[in-house]
Enquirer: 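Before we start, here is the structure in question, set down as structure tokens.
None of these values were measured; they are calculated from a predicted model. Reckoned from all heavy atoms, side chains included, excluding hydrogens, waters and symmetry mates.
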Amino acid sequence: MALLNILRYPDPRLHKVAKPVTEFGERLHQLVEDMAETMYDAPGVGLAATQVDVHERVVVIDVTEDKSRLMVFVNPEIVWASPEKQVYDEGCLSVPGIYDGVERPARVKVRAVDQHNVPFEVEADGLLAVCIQHEMDHLMGKVFVEYLSPLKRNRIKTKLQKEERELQREGRHA
């Protein structure tokens, strides 16, 4: 297993649209393992392959307190979303230290396969529904800050670019 480098907003690679997974072999299993280790280490509750510069439709999620229920979504698609909306304060491993309210459907039903190409469906609400939608946005090249006003988005971009420059001056990289 290995920790992967998480891309930071506004890295343009975060805007690439992920391609469907077509091969379910050792490489995919290793990617899922590495993504899970990276997510838990960060620490976070979800990670899309796009965030680690792999542009394939793979997401790992674990919203449990004790990190006991890793969910792997390969080629996920939302097949139903509730008309009811909810606003949830979201954060993102690619946008460290930034949290803001995003309105999304309160409940979703997702169809996907796991890393062994076994199909499944999940109905989700609460944090899991938010996380699924947030990570699936990454697969479409969208970062949660894009739901915010242009003013907020520009402030966030400026702040993160400044932090990156300071880290580079210190000889470190985020």
Enquirer: If you link I, L, V, M, F, W and Y whenever their side-chain heavy atoms are under 4.5 Å apart, who else ends up in the same group as V95?
Expert: L7, Y9, L14, I98, V102, V143, F144, V145, Y147, L148, I156, L160
Enquirer: Show every donor-acceptor pair shorter than 3.5 Å between a side-chain atom in residues 70-79 and any protein atom, with sequence neighbours excluded, or say none if there are none.
Expert:
from : atom 1 : to  : atom 2 : distance (Å)
N75  : OD1    : V21 : N      : 2.7
N75  : ND2    : V21 : O      : 3.0

Enquirer: Count I, L, V, M, F, W, Y as connected when their side-chain heavy atoms are under 4.5 Å apart, and connections chain through other members. Are M39 and V45 then in the same cluster?
Expert: no
Enquirer: Same cluster or not: are V58 and V122 linked, directly or through other Ile, Leu, Val, Met, Phe, Trp or Tyr residues, by side-chain heavy atoms under 4.5 angstrom apart?
Expert: no
Enquirer: Determine the minimum heavy-atom distance between T50 and R13, stating which atoms define it.
Expert: CG2-O, 3.9 Å
Enquirer: Strictly by salt bridge (charged side-chain N to carboxylate O under 4.0 Å, His left out), give each pair with a member in residues 126-142 just once, sequence neighbours left out.
Expert: R104-D137
Enquirer: Taking A106's backbone N and O only, do any of them form a donor-acceptor pair with S82's side chain (distance below 3.5 Å, no angle check)?
Expert: yes
Enquirer: Is there a side-chain contact between R57 and M140 (heavy atoms, below 4.5 Å)?
Expert: yes
Enquirer: OG1 of T158 to CD of E163: how many Å apart, nearest 0.5 Å?
Expert: 11.5 Å
Enquirer: Look up atom NE2 in H134 and atom CD in E90, then write down how far apart they are to the nearest 0.5 Å.
Expert: 6.0 Å
Enquirer: How far apart are the closest heavy atoms of G46 and Q51, and which atoms are they?
Expert: O-OE1, 4.4 Å
Enquirer: Verify the cluster assignment for L128 and L139: are they in a single hydrophobic cluster under the rule of side-chain heavy atoms below 4.5 Å apart?
Expert: yes
Enquirer: For H29, give me all partners under side chain to side chain donor-acceptor pair (under 3.5 Å), at least two apart in sequence or on another chain.
Expert: none
Enquirer: Output every pair passing salt bridge (charged side-chain N to carboxylate O under 4.0 Å, His left out) with a member in residues 19-34, not counting sequence neighbours, ordered by first then second residue.
Expert: R27-E56
Enquirer: Can you list every salt bridge (charged side-chain N to carboxylate O under 4.0 Å, His left out) pair that touches residues 144-155, not counting sequence neighbours?
Expert: D100-K152
Enquirer: Going by the side-chain hydrogen bond (donor to acceptor under 3.5 Å, both in side chains) test, which pairs reach into residues 115-133, not counting sequence neighbours?
Expert: R111-E121
Enquirer: Going by side chain to side chain donor-acceptor pair (under 3.5 Å), name the residues that satisfy it together with N154, two or more places apart in sequence or in a different chain.
Expert: none
Enquirer: Does one hydrophobic cluster hold both V108 and I61, with members joined at side-chain heavy-atom distances below 4.5 Å?
Expert: yes
Enquirer: For N5 and D53, run side chain to side chain contact (heavy atoms under 4.5 Å, CB included): C-alpha distance rounded to whole Å, both residues' side-chain angles, the deciding distance at 0.1 Å, then the answer.
Expert: CA-CA 8 Å; N5 182 46; D53 203 20; over 6 Å; no
Enquirer: Closest heavy-atom contact between A42 and I6?
Expert: CB-CD1, 4.3 Å
Enquirer: Can you sort out the partners of S68 under side chain to side chain donor-acceptor pair (under 3.5 Å), two or more places apart, ordered by chain and number?
Expert: D66
Enquirer: Are L127 and V110 connected into the same hydrophobic cluster when the rule is that any two of I, L, V, M, F, W, Y join if their side-chain heavy atoms are below 4.5 Å apart?
Expert: yes
Enquirer: Calculate, to the nearest 0.5 Å, the distance between atoms NE2 and OG belonging to H138 and S94 respectively.
Expert: 5.0 Å
Enquirer: Could you list who else is in Y99's hydrophobic cluster, with ILVMFWY side chains joined at under 4.5 Å, directly or through other members?
Expert: none
Enquirer: Could you give all pairs that pass the side-chain hydrogen bond (donor to acceptor under 3.5 Å, both in side chains) test and reach residues 35-46, with sequence neighbours left out?
Expert: Y40-D62
Enquirer: Using side chain to side chain donor-acceptor pair (under 3.5 Å) as the criterion, list what pairs up with R107, not counting sequence neighbours.
Expert: E84
